Each structure stands twice: as structure tokens, then as C-alpha cells.
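Notes follow the structure.
First the proteins, then the strands, lettered A, B, ... as listed; each starts at 1. As the structure is a prediction and not an experimental result, all values here were calculated from the model.
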Amino acid sequence: MSDEAMIVDRGYRTYDGPRSGVVGAVRSVAWHSMRSVLGIGRPARHKILPVMAVLIAYLPALVFVGIAVLLPVDLVGKGVIPSYADYTGFIGLVIVLFCGLVAPEVLVGDRRNGMFGLYLSTPLRRDTYLVAKILAVMATLMMVTLGPPLLLLIAYTFEGSGPGGVGNWLVLLVRIVASGVVISAVFAVVSLAAASLTDRRAFASVGVILVLLGSNVVMGALIVKAGVSSTLGVLDLLGMPFELVQRIYGQPGGFPKMSVLLVAGANAAWATLGGVVIWYRYRRLAINP
Amino acid sequence: MTGVVVPRRERHPVGVVATFVITYRVFLRQIVTRSRLVALGVLGGLVILVGWAVGVSGPTTKHPEPLTRGVDLTINLGLTVVVPVVALVFAAGVLGDAREDGTLVYLWLRPLRRWPLALGAYFSALTVIAPLTIIPVVVSAALIDNSSDLVVAALLASAVAVVGYTGLFVLLGTLLRRSIVWGLAYIIIWEDIASGLGRVAARLSIRGYAGSVLTDQTGVVVDSFDLSRSWGIIVPLVVAVVAVALTSLRLDRVDVA
Amino acid sequence: MMHAVTVIATRGLTVQFGAERALDELDVTIPSGVTGLVGANGAGKTTLMSIVLGLRPPTSGSIEVLGMDPRSQGHLIRAFVGYAPERNLLPGDMRAVDFVRHLSEVRGLPRDEARNRASDSLWLVGLGEERFRAIGSLSTGQRQRVKLAQAIAADPRLVLLDEPTDGLDPVQRDEMLALIRQINDEFGIDVVLSSHVLEEVERVCDSIVALDAGRLVASGPLQDLIAGDEGIEVELVDIADRPGSIDQVVAALSARGLSIARDGSVITVVGPDADAVADATRDAVADAGARLGRMSSRRRTLEDLFMEGS
Amino acid sequence: MVQAINVSKIFGDVVAVADVSFSIGPGVTALLGPNGAGKSTLFRMLCGLTPPSRGQVAILGSDARHDREVRGRIGLVGQEEGLFDRLSARRFVEIAAATHGMVDPARVAAEVLAEVEIDPDDPKPVGAYSKGMRQRVKVATGLVNDPDVLVLDEPLAGLDPVQRRRMITLFHRLGDEGRCVLVSSHVLDEVARIGSRVLVIAQGRLTAAGDYRALRNMMDDRPHRIRLLVDNPRALAARLIAGGTAMAVRVEGESVVADTLDVDRFGRSVAPLARDAGVRLREVVPLDDDLESVFRYLVERR
């Protein structure tokens with residue numbers, strides 16, 4: 001011990017370092033929204049549902065890996081186990097549920113608890129705020145759209161039933177990543193658009209799920225049972241992103257008569273429409289001030 | 001303190017029937033809002049529209065018979081989406097919203113028995129849910145195949161589902177704060193995914209029983225919906241009764257905001 | 001700490017909402033220090049704050065905040081301006097420290113810096129012990145402090161506080177006003193606070209801007225605005241063993257030719273010479289054997305200012 | 001009529017109410033305390049809306065949470081709960097009357113609404129009412145069953161001074177009729193008018209209970225501090241001490257800060273003392289005599 005006494009001033013200090021600006025603000029809001037929707041840093045009851053949904057999304061992948069390890073037969077090749085392209089569609093309902101959990105939580109909460117007004121008093125504006133929110137939902141959705149196929153790829157590769165050759169392996173990786181990103185982007189914007197319409201989180205969840213599931217069941221019934229032209233499938237908000245995934249893997253899915261361009265166009269159109277709806281809702285949304 | 005003698009107003013104990021009638025009317029008034037009716041009415045209209053489209057089109061290769069198409073649509077659209085979701089929105093809201101916005105105290109802190117109060121909540125929800133779901137499901141079934149078998153089956157099956165789901169979700173509203181979100185998770189994870197996986201799971205879902213009523217009545221065979229009609233009707237009824245009883249017990253223990 | 005002498009300056013600032021003029025040709029200069037923005041509800045206080053933050057463009061006129069124009073440099077201004085909104089609405093299930101840290105990050109601080117400063121500013125507002133609690137479990141007074149902490153955490157040059165004492169009880173209000181004073185005196189942050197309670201503005205502000213229905217009623221240093229001698233105010237206490245002692249004091253002072261205003265047991269004495277008034281009052285009280293409760297020279301108050309302005 | 005025995009309420013690790021005991025009978029009692037002191041939680045426990053974590057509450061001898069009969073004899077006017085927003089005031093109060101089993105609920109509703117000065121024939125839904133009107137409608141629902149125990153949480157919030165006065169008159173009338181009226185407030189100057197019996201709660205603990213004037217007098221035993229602005233502070237300070245008017249004095253520039261135990265004597269002697277000493281009094285300001293400081297004293301002394 002030095003015999004000189006010292007008093008450290010714990011008072012207010014100034015900060016003269018760099019400030020990260022709008023990009024940093026977007027990153028921070030997106031990161032914060034993701035954490036909050038997964039219940040990180042919040043009481044345990046907020047963690048149960050998202051964790052459950054994520055687990056259910058990974059469960060089939062784990063089972064398939066287990067089967068592949070135990071049985072020597074190539075079940076994927078024989079079509080018994082869903083392929084990489086089929087996997088997202090296979091867990092489609094979980095993805096719908098996840099959209100219904102994530103989008104309202106990310107968007108509606110801020111309007112009810114005053115965060116939206118506070119955010120606008122920071123370097124963010126309405127547009128940059130919404131970009132942050134879309135990024136947050138996209139990134140969260142990728143946990144269930146991108147994660148499981150990646151897990152399959154890695155596990156199958158180690159187990160020995162992965163794609164042969166580095167080239168094929170890389171192509172497959174690109175396909176997995178591309179389809180994960182695209183499908184998350186479309187679902188993110190569409191779910192946020194549905195969620196932006198109401199101020200109550202619970203009804204936003206109902207809305208997101210009704211829009212995705214309802215359009216899917218209705219279009220399915222019309223095409224399969226009423227024999228309506230399968231082009232009407234462009235109105236299937238759940239089917240179109242999954243169809244696009246199939247096309248990224250270079251194979252037709254449930255809508256073989258549609259051209260790749262039409263499928264891609266339908267997805268782009270829905271994403272654009274969703275963006276327009278969100279912007280329309282938020283353009284004049286009253287805040288205090 | 002000087003006690004001034006003041007004539008007190010006349011009163012009599014509130015009977016079971018009066019409790020039911022009062023709570024039924026109050027709750028009914030609270031859950032019916034225009035935006036909910038419009039949004040879910042549109043959903044019902046859509047169901048009828050699909051029924052009409054399927055009805056007017058000729059046989060397709062996959063479904064040659066109108067009866068099987070009708071059964072299929074009633075299960076996939078009616079019993080899987082419309083009935084549970086509409087039931088959830090109104091039933092979970094009856095006591096759940098009253099707890100959230102603090103109006104429950106106006107019925108709770110009164111000399112009323114709990115069980116007719118729970119029953120009033122249940123029937124007020126049922127009053128809204130039944131027409132919003134049963135009518136579209138039955139009409140769309142009739143538009144596909146107007147044989148009495150399918151119409152009666154659709155009526156019975158959707159009624160059974162409404163009775164069961166309403167009971168479950170009224171209870172859910174008193175148990176959890178974010179009851180609608182939990183209810184959605186239950187509908188998708190349990191009723192849709194799990195009950196599609198196998199017979200045992202189907203027997204633990206309302207949809208399994210309602211679906212069995214439909215298949216047993218029409219004679220159309222659908223996987224996992226293989227129970228008899230009487231079981232299909234009795235079990236959801238029992239679920240509703242137990243749920244209302246639990247709701248009434250729960251009301252005794254609830255923290256009123 | 002040196003700051004620009006002028007924090008906010010407006011010229012001909014006008015905001016039109018449909019047929020209603022929220023702000024009408026406003027020319028104000030807000031200097032360094034604590035400035036009170038006073039006026040009734042709907043006078044245009046919140047509208048002015050939102051224009052300062054660049055959240056709303058003025059219909060006409062110009063405004064400069066920290067030497068920048070909110071219309072083109074809004075995001076820069078908002079990085080250096082802390083803001084605490086009026087509504088007592090905060091995310092209930094976030095911990096106070098996470099809330100403050102997050103908003104500091106959004107205002108541009110690096111992660112470590114934001115974390116440290118969030119803890120520090122919560123300590124400074126007196127929530128050191130409570131910083132890990134969920135905001136929803138805090139009292140109204142503590143939430144007002146959380147709002148203050150998030151406003152100062154990112155080291156702003158200026159903080160805008162909209163009705164910071166709303167909903168507080170007397171003790172909490174005193175503490176809040178002391179904190180606001182401290183923010184300026186010790187941390188060198190300029191403060192603009194809005195309030196409709198004139199008394200607390202008088203207690204804490206260096207200068208004021210008074211608005212009424214969108215128009216400027218008065219602005220300038222508080223001292224200048226409420227200076228002026230308005231006589232002496234004496235509060236006497238009615239005592240049982242000397243009935244009529246108050247009347248006696250009034251009579252004695254009237255006899256000296258001083259002008260008297262009486263409201264119950266409170267007497268206001270005005271005369272040409274302040275010292276003579278003081279002595280006369282003292283003597284009248286002593287002669288009557290009255291009990292003196294309080295005696296003070298009466299200054300102009302903001303209330304007087306508003307009465308004159310409207 | 002209303003009793004709390006060692007009542008505590010703990011939310012997680014936050015103690016909202018800590019070991020509170022009291023017993024009150026007919027008449028008006030004011031519950032006083034700052035925001036967040038635990039007043040609302042205490043009221044909710046008394047009425048049975050939430051069980052205490054420890055201890056017991058009783059209204060008319062039993063716990064309203066489990067005694068249907070007792071629930072019929074309570075009127076609660078809470079602070080935060082909403083109303084059935086889409087009903088008219090009359091309909092809303094009528095429902096309250098019906099749930100209490102009152103004979104002719106419509107007439108009862110009209111009577112109690114008149115009592116709080118709301119027009120029973122106003123067709124507007126209560127959702128469109130101002131805060132003050134909503135508050136009065138809530139009070140009306142609390143009166144509908146002729147309650148023996150009436151619990152009102154901040155009933156004066158949102159009312160203007162005239163309405164406050166009328167409401168307080170109503171409380172006193174109800175108290176004189178032999179009912180137990182328990183009213184909370186965080187605004188001090190209301191309390192003296194609400195009731196002479198006071199419970200003070202701070203940080204979840206009961207810090208004072210009893211007659212308001214007795215409490216004031218008890219607090220008058222603490223030293224009072226008075227600041228005097230004068231032209232010759234030393235001369236006045238010496239006189240104040242010499243005559244025993246003040247127990248301690250401090251000279252600060254042009255002012256004298258004096259502590260005294262007897263404000264009455266101080267107030268009577270200060271002017272003659274100053275005159276005799278030839279000292280000019282400019283200001284005499286008690287530093288701790290306003291009600292807010294009384295409140296502060298009660299709340300912060302621990």
C-alpha cells in the first residue's frame with residue numbers, strides 16, 4: 001500500500017470518442033430486437049415459446065442425422081428423408097409459428113411501451129428504424145430457415161453421406177445460404193406488414209398466422225380441389241417462398257407449371273407489397289412528440 | 001364516532017341464475033368489437049367462397065367425389081384454421097382481457113358464486129364464436145355436396161370443435177397473460193403438427209375428435225380420425241365441462257389487477 | 001466546460017397543423033444553462049421540442065440547434081441531444097441498465113462505453129442499487145429518473161426534458177429538481193425543461209421561455225424577468241389570547257399611510273421606501289403583540305408575468 | 001371493521017408492503033404516503049384482490065377473498081382499473097347494483113350518480129368521459145351497495161378543487177353514518193381535510209398512525225429552523241439566545257438561522273426583540289414548516 005491516499009472521482013465524465021452514427025444505431029436496434037424476441041435479458045417466461053419453436057425446427061434434422069448415423073442406407077437419396085430442398089417446407093408450420101411470434105414482438109411492442117418515440121429521438125428515422133426491424137426479423141428467422149439445413153450439411157458431411165467433391169459441396173452450401181436468406185427476407189417483410197396493422201401483439205400474431213396459413217390452405221383448396229389454374233398459387237404466401245427454395249435447388253416443387261421467373265417475381269412482388277404496407281402504416285404514425 | 005342511523009337500501013342475495021345472466025350479458029358486450037367481427041367475418045366469407053369455388057368446379061383427378069372433397073376441406077380449412085383461431089380470439093379474451101384492463105374486479109369483488117360467473121364467460125364466448133364458425137363451415141360444405149350426410153356431419157363436427165376449443169381457451173385466458181400467443185402455439189404445435197403425427201396424439205387433440213365425428217358420419221376414411229361418433233361428441237363436451245370447472249376454481253385463486 | 005453561448009435560436013419559427021397554429025412567428029434565443037419552457041398544456045412546448053430534435057419540419061422560419069440545422073442535420077443533432085419524453089411509458093420487462101445502455105448505443109456510443117456510462121448515469125440519478133431491476137417494478141419517481149439517466153448517458157451537449165416532474169410527490173419532485181440543477185452545474189450539460197408548474201421553474205431555471213397558444217409571452221434570464229420590489233408580505237398567526245391582533249397590525253400600518261392588501265392572515269405592505277416599510281411592519285407587529293409566522297419581500301413571480309402577458 | 005395483522009406483500013425480491021398492522025373502525029381514515037409507498041397494494045390486499053404474502057387481513061372479521069357475504073358489504077374504488085368503456089354511466093352503475101343484488105338497480109344507479117353529480121341520463125359512453133368524470137363514476141359504483149366499508153384509492157386525482165371539496169364532504173357524511181371510509185392520497189394538503197385519523201405508509205412500512213393533529217403536535221416537538229434576513233445579524237443572534245427564544249443560532253452572512261422548540265413563543269418575541277435591538281427585519285422564513293416538510297420528516301426520519 002502506498003501511504004498516499006487517493007480519491008477517485010466517480011462523477012460524470014465526458015465522452016469525446018467517435019460515434020457510430022446511423023449504421024451503428026441500426027445495428028444496435030436490430031441486435032437488441034433479436035435478443036429481446038428470444039427472451040435474452042428478460043424474465044424466463046419470455047424465453048419458453050421462442051426456444052420451443054427453435055427446438056422443434058431442429059428436431060427433425062437431429063432425428064435424420066441420427067438415422068443416417070445408425071442406418072447404412074442412403075435414405076435421403078431414396079426420398080425417405082426430406083432432402084435439403086424439402087426441409088424448409090417440412091418444418092413449414094414451425095416457420096409460420098415463428099413468424100407469428102417474432103414479427104409482432106419486434107414491431108408492436110415498441111409502439112405500446114414508448115420505445116418507438118424514444119428511438120426517433122436518436123439518430124434513427126422512421127425509415128432506418130424499419131430497416132433495423134426488418135433485419136432483426138430476418139436474422140431471427142434464419143435461425144430456423146438457415147440453421148437446420150446447415151446442420152444437416154455438416155452432419156451428413158462428417159457422417160460420409162454429404163455431397164461428393166468440393167465443388168458440389170460448395171454449390172450446396174451456396175444454395176442453402178441463398179435459400180435461407182431469401183425465404184427469411186420474404187417472410188420477414190410479409191409478417192411485419194401483417195403485424196403493423198394492429199396495436200395489440202396478440203392480434204398481430206393471429207394476423208400473421210392467418211395471412212400465411214390461410215392463404216396457403218385457401219389456395220391449396222382452390223387449386224387441388226376446385227381445379228383452378230395453379231398460377232393462382234402466386235397468391236399463396238406460404239407456398240411461394242417454399243417454391244422459390246425448391247427452384248434455388250434447381251428442381252420444381254408443388255407448382256411445377258410455374259416458371260422460375262414467375263416464382264421469383266411473385267416473391268419479389270409480395271416483399272415489395274409488404275414493404276409498402278409497413279411504410280404506409282409508419283409514415284404518419286403519431287408519436288409523442 | 002357517532003353512529004347516525006341511516007336506512008339501508010333493500011337487497012337480496014344474488015342467485016345462480018342471476019349471476020349467470022348478468023355476467024353473460026356483460027362479457028358479451030365486452031368481447032364483441034367491430035374490428036374483430038369484421039376481420040373474422042371476412043375469414044368466414046372466404047371459407048364460403050372457397051366452398052363455392054370447389055362446389056362449382058367439376059371432379060378433379062385427385063378428388064373425384066364431392067363428398068371426399070367436402071370432408072377434406074372441412075377438416076383442412078374449417079377444423080384446422082377457422083374454428084380454433086376464431087375460438088381463441090374470443091374465448092381467451094373473455095376473462096383474459098377483463099383481467100388485463102382491470103374490469104374483472106367489477107364482477108369479481110361481488111357477492112357472486114364463481115361457477116356461474118365462469119359459465120357466463122363461457123357461454124358469452126360461445127354465443128359469438130358459434131355463428132362465426134359453424135355457419136361458414138356448414139355453408140361451404142353444403143356448397144360442395146348438399147347431401148344431408150355432409151351437411152349434418154359438418155354441423156356436428158364444427159359444433160363439437162367449438163364447444164371444446166371455447167372451454168379450453170376460456171381457461172387459458174385465466175391462466176396465462178399472453179394467452180392468445182400461447183394458444184396459437186398450441187394450435188400449431190399440438191393440434192396441427194402433433195396430431196398429424198399419429199393416432200395417439202390425435203386422441204389428445206380436439207381436432208381428432210371433431211374430425212372423427214365428420215368421418216364417422218360421412219363414412220369417408222381419413223387417417224387418424226378413426227373414433228366413433230359418440231366418443232367424438234362426448235370427449236369435447238367433457239373437456240368443456242372440466243375446463244369451465246377449472247376456470248371457476250382458478251377465479252378463486254387469481255390475482256385481480 | 002465551454003459551450004456555445006447560444007444553444008437554440010429561432011427566427012420567425014411557425015408551425016401550422018391544418019387550421020391551427022401550434023407555433024406562431026417565434027423568435028427565441030436559448031442560452032447555456034437551465035432553461036424553463038413554460039406554458040399551459042397546448043401552448044406549443046412539446047411541438048417546439050420535436051422541432052429542435054428535427055422530428056418535424058417547421059412550416060416557415062428558421063431554427064439552429066447547437067449551431068446545426070435540424071432539417072438537414074437532424075441525426076447529428078439527435079446524437080448530441082438527450083431527450084426524455086413526457087409520457088411515463090417505458091418497456092416494463094427491460095432492466096433499467098439494459099434500457100439506458102441500449103439507447104446510448106443507438107445514440108452512437110461503442111458497446112463498452114455505453115455499458116459503463118449506463119451504470120454511471122444510473123448511479124448519478126440515484127438508482128445505483130436498482131439498476132438491475134426491471135423497469136416495470138420501479139416506482140413512478142424511479143422511472144422519471146430512468147428517463148433522465150437515458151437522456152444524459154450518451155454525454156449529450158443538451159438535454160430536453162418534457163415535464164420531468166409529472167406525477168411525482170413533493171419529496172420526489174425536490175430530488176428531481178436538484179438532479180436537474182446538478183446536471184448543469186456539475187456536468188456542464190445544458191438543459192431545456194418544460195413545465196406547467198411555474199413555482200418549480202422559478203426554483204431551478206436560469207432563464208425562461210414562456211409560451212401561450214404558440215406565441216412568445218416572455219423570454220430571458222429569470223432574474224431580469226421577476227426582478228422588482230413589490231413590497232413586503234407578512235403572514236401572521238391568529239392567536240387565541242390576543243384576538244384582533246391582526247386587525248390591529250393592519251390598522252397601524254394603514255395609519256402610517258402605507259398601502260395594504262390583506263388576504264386572511266396574509267398582509268402585503270407596499271410603500272415608497274423598502275427600509276421604512278420593513279421597520280414600520282416590525283414595529284406594528286411588536287406593538288400589537290401579534291405572532292409573526294413569516295415575513296418576506298414580495299417579488300414578481302412568473303404568474304404575474306403570465307397575467308400581464310395574456 | 002378493517003384489520004391488518006403483520007401484513008407483508010413481496011413481489012419477487014421487492015417488498016411492497018412490510019409487516020403492517022392496524023385496526024380501524026367507523027369514520028373516515030386517510031392513508032397517506034408517497035407514490036410507490038405500497039398504498040394500492042395494501043388496499044388490494046384488504047379487499048382480497050390479492051393475498052398477502054404473510055400475515056392476515058380482515059374486513060368485518062373475515063377475508064373478502066373467500067367470504068362472499070363480506071364482498072357484498074365492501075365498496076372499492078381502485079386507482080388503475082378501467083371501466084366498461086362502451087357503456088353509459090347509468091348502465092355501468094346499474095350493472096354494479098345488479099351484481100350486488102340491489103332491488104331496483106336502475107333507481108339505485110340514478111341515486112348514486114346524482115350523489116356524485118353525474119347526470120344519469122347522459123347517453124355518452126363512459127369511455128368518452130374526462131378523467132374526473134370517470135373517477136366520479138367509479139366512486140358511484142363503490143357506493144351502490146351501501147357499503148359498510150368503503151375503500152378509495154386516490155379518489156381525488158383528476159378532480160378540480162370544487163369537486164374535491166364536495167367529494168370530501170361526501171366522505172365525511174358516509175363516515176358519520178357509521179361506515180368505515182378509507183381514503184388514500186399522496187397530496188398532503190388534502191389529507192387534513194379528508195380525515196382526522198391518519199395512517200402514514202412509506203417504503204411499504206407503517207410510519208405513523210393516529211390523530212392528524214396529535215401527529216402534528218408530536219412533530220412540533222422537533223426543533224424548528226427559521227432563517228432571518230437582517231441588517232445586523234450578530235446583534236439579533238445575541239438577543240435571541242439571551243432571551244432563550246432560540247436554542248441555537250448560526251450567522252450566515254446577512255442572515256441568522258435560528259433553531260427553536262417553541263414556534264409560538266418565537267413568533268411572538270421576534271418582532272419586539274428586533275425593535276429593541278434596533279435591527280431591521282427584512283425576511284423571516286421558516287425553513288421546515290410547510291406540510292411538505294412534515295411529510296418529508298415522517299417519511300425520511302428512519
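Residues forming a salt bridge (charged side-chain N to carboxylate O under 4.0 Å, His left out) with C:Asp93 (at least two apart in sequence, or on another chain): A:Arg42. In this structure A:Arg125 satisfies the side chain to side chain donor-acceptor pair (under 3.5 Å) test together with A:Asp127, sequence neighbours excluded.
Salt-bridge formation is detected for the pair C:Lys45/C:Glu163: a Lys NZ or Arg NE/NH1/NH2 atom is positioned less than 4.0 Å from an Asp or Glu carboxylate oxygen.
With hydrogens and angles disregarded, no donor-acceptor distance shorter than 3.5 Å links the side chain of C:Arg143 to the backbone of C:Lys147. A:Thr128 places no side-chain N or O within 3.5 Å of a backbone atom of A:Leu124 that could act as its donor or acceptor partner. A donor-acceptor distance shorter than 3.5 angstrom exists from the side chain of C:Asn184 to the backbone of C:Ile189, with no hydrogens or angles considered.
Of residues 92-114 of chain A, those residues with a non-hydrogen atom less than 4.5 Å from any non-hydrogen atom of chain C are, in numerical order, A:Arg112, A:Asn113, A:Gly114.
With a 4.5 Å cut-off on non-hydrogen atoms, A:Val29 touches chain C through its backbone and its side chain both.
Note on residues 18-28 of chain A: no pairs pass salt bridge (charged side-chain N to carboxylate O under 4.0 Å, His left out), not counting sequence neighbours.
Most heavy-atom pairs under 4.5 Å with chain A, from the set C:Glu105, C:Arg107, C:His102: that is C:His102.
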